[in-house]
Q: 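Before anything else, here's the structure in question.
These numbers were taken from a predicted model, which means no experiment stands behind them.
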Amino acid sequence: MLSRQALLRPARVINTQARTYAAAAAASSKVKAPVALFGVDGTYATALYTAAVKTNALEPTAKSITGLGNLFAKDPKLAHILATPTLSPADKNAIIAELSKSAGVTGETIKNFLATLAENNRLGLLPGVVSKFGELMSASRGEVEMVVTSAQPLDSKTLNRLESAVAKSTYVGSGKKLKVTNKVNSDIIGGLVVEIGDRTIDLSVSGKLAKMNKLLNDAL
């Protein structure tokens, strides 16, 4: 819960940190991101990445972003709170302080970035920025993300077998590392949906049923 003292913190804290971050981001304009991202959240994620590289704070920033991502995963309501348009400057200050404490946020780069989001009324973009920043880090580390969606959670043995099979395929380039994530979606009924980069392999029961229905409809 946010304390009364936190809510009453002066709004000028945000303004000062935001100016500091803006200066760092401007100075990092010559740093090239490993991949091009789109959307407003992608723009902010890229700005954070380049500023972190310029200030030699990439790994600490990535760790802080991971901590924030874990918070959003545990409490989906946080995203709605951040997107509330009626938040006062004091509210934003308090939210940033609470998020930073709970996620273990460290370093001026990420703290100033959060202050910039608050000053620009963009705190609602933070969940998207966290996701996009993860894409940048994966690309910088030479990782190829594979998302395996199943109706039930997969055990580690099955995931390891999938990872070994895909790692040897043409889907993963030479020298790349595979990063595997298992998502659960009961709507696919059974089977798997495998996403590797921008490619999707639909081996789900729901996908097969959809194809069958299409064939039947086309035949009628």
Q: Please confirm whether the backbone N or O of Asn112 pairs with a side-chain atom of Thr116, one donor and one acceptor, at under 3.5 Å?
A: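 Yes.
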Q: List the atom of Gly42, the atom of Leu37, and the distance in Å for their closest heavy-atom pair.
A: CA-CB, 3.8 Å
Q: Nearest 0.5 Å, please: how far is CG in Asn182 from OG in Ser150?
A: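 It is 4.0 Å, given to the nearest 0.5 Å.
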Q: Scan side-chain atoms only and decide if Ser204 and Ser206 contain a donor-acceptor pair under the 3.5 Å cut-off.
A: yes
Q: Any chain of hydrophobic side-chain contacts (each under 4.5 Å) joining Val180 to Val147?
A: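 Val180 and Val147: separate clusters.
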Q: When you measure from the side chain of Asn185 to the backbone of Ala151, do you find a donor-acceptor pair of N or O atoms at a distance under 3.5 Å?
A: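 Judged by distance alone, no pair lies under 3.5 Å.
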Q: Under the 3.5 angstrom rule, does the side chain of Thr200 hit a backbone N or O of Ile196 as a donor-acceptor pair?
A: no
Q: So do the side chains of Ile189 and Asp187 get within less than 4.5 Å of each other, counting heavy atoms only?
A: no
Q: Would Met146 and Val148 count as a side-chain contact (heavy atoms from CB on, under 4.5 Å) if you check the C-alpha gap in whole Å, the side-chain angles of each, and the deciding distance to 0.1 Å?
A: CA-CA 6 Å; Met146 179 172 79; Val148 182; 3.9 Å; yes
Q: Given the rule in the side-chain contact (heavy atoms from CB on, under 4.5 Å) test, do Val184 and Gln152 qualify, once you have shown the distances and angles that lead to the verdict?
A: CA-CA 6 Å; Val184 177; Gln152 299 290 336; 5.7 Å; no
Q: Is a donor from one side chain sitting under 3.5 angstrom from an acceptor on the other, for Thr55 and Thr109?
A: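 Yes - a donor-acceptor pair under 3.5 Å links their side chains.
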Q: Can you check whether Lys183 reaches Glu195 side chain to side chain, under 4.5 Å on heavy atoms?
A: no
Q: Quick one, Tyr44 and Phe113 - any side-chain contact, counting heavy atoms below 4.5 Å?
A: yes
Q: If you define the side chain from C-beta out and look only at heavy atoms, does anything of Asp91 sit under 4.5 Å from Thr84?
A: no
Q: Report yes if some heavy atom in the side chain of Val105 is under 4.5 Å from a heavy atom in the side chain of Lys111; otherwise report no.
A: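 Result yes, sub-4.5 Å side-chain heavy-atom pair found.
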Q: To check you understand the geometry: which heavy-atom pair defines the closest contact between Leu114 and Ser100, and what is its length?
A: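 Looks like CD1-OG, 3.8 Å.
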Q: Would Lys179 and Glu163 pass as an ion pair if we require N to O under 4.0 Å?
A: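 The answer is no: the pair does not qualify as a salt bridge.
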Q: Do Leu154 and Leu162 pass the side-chain contact (heavy atoms from CB on, under 4.5 Å) test, and can you show the C-alpha distance, the side-chain angles, and the key distance before you say yes or no?
A: CA-CA 11 Å; Leu154 298 177; Leu162 283 169; 4.2 Å; yes
Q: Assigning hydrophobic clusters by single linkage (Ile, Leu, Val, Met, Phe, Trp, Tyr; side-chain heavy-atom cutoff under 4.5 Å), is Phe72 placed with Ile81?
A: yes
Q: Just to verify, what does Glu145 make a salt bridge (charged side-chain N to carboxylate O under 4.0 Å, His left out) with, not counting sequence neighbours?
A: none
Q: Whether the side chain of Ser102 engages the backbone of Leu99 through a donor-acceptor N/O pair (distance < 3.5 Å, no angle test) should be reported.
A: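 Answer holds: no.
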Q: Using a side-chain heavy atom cutoff under 4.5 Å and only I, L, V, M, F, W and Y, what cluster partners does Val193 have?
A: Ile188
Q: Could you measure the distance from the CG atom of Leu192 to the CG atom of Asp202? Nearest 0.5 Å is fine.
A: 10.0 Å
Q: So which atom in Ser140 and which in Met137 form the shortest heavy-atom distance, rounded to 0.1 Å?
A: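 Looks like OG-O, 2.8 Å.
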Q: Calculate, to the nearest 0.5 Å, the distance between atoms CG and NE2 belonging to Asp75 and His80 respectively.
A: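 Here the rounded value is 9.5 Å.
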Q: Would you call Leu48 and Thr61 a side-chain contact if the rule is heavy atoms closer than 4.5 Å?
A: yes
Q: Would you say that Asn70 contacts Thr66 through its side chain, given a criterion of any heavy-atom pair below 4.5 Å between the two side chains?
A: yes
Q: Is the backbone of Phe38 close enough, under 3.5 Å, to the side chain of Lys132 for a donor and an acceptor to pair up by distance?
A: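 Here the side-chain-to-backbone pair exists.
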Q: State the OG-CG distance between Ser131 and Leu125, to the nearest 0.5 angstrom.
A: 12.5 Å
Q: Decide whether Val35 and Val53 are clustered together by the hydrophobic rule: side chain heavy atoms of Ile, Leu, Val, Met, Phe, Trp, Tyr closer than 4.5 Å, transitively.
A: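 Shared cluster, yes.
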Q: NZ of Lys101 to CD1 of Ile96: how many Å apart, nearest 0.5 Å?
A: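 Here the rounded value is 16.0 Å.
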Q: Quick one: closest heavy-atom pair of Ala103 and Leu71, and the distance?
A: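 Ala103 and Leu71 have their closest heavy atoms at CB-CD1, 3.6 Å.
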Q: Ignoring hydrogens, what is the shortest heavy-atom contact between Leu82 and Pro127? Give both atom names and the distance.
A: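 In this case the closest contact between Leu82 and Pro127 is CD1-CD, 4.3 Å.
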Q: Determine, using the 4.5 Å side-chain heavy-atom cutoff (strictly less than), whether Ile65 and Val40 are members of one ILVMFWY cluster.
A: yes
Q: I want to check something: taking the side chain as every heavy atom from C-beta on, are Thr106 and Lys63 in contact at a cut-off of under 4.5 Å?
A: no
Q: Test side-chain contact (heavy atoms from CB on, under 4.5 Å) on Leu136 and Thr46 and set out the steps.
A: CA-CA 8 Å; Leu136 289 169; Thr46 301; 4.3 Å; yes
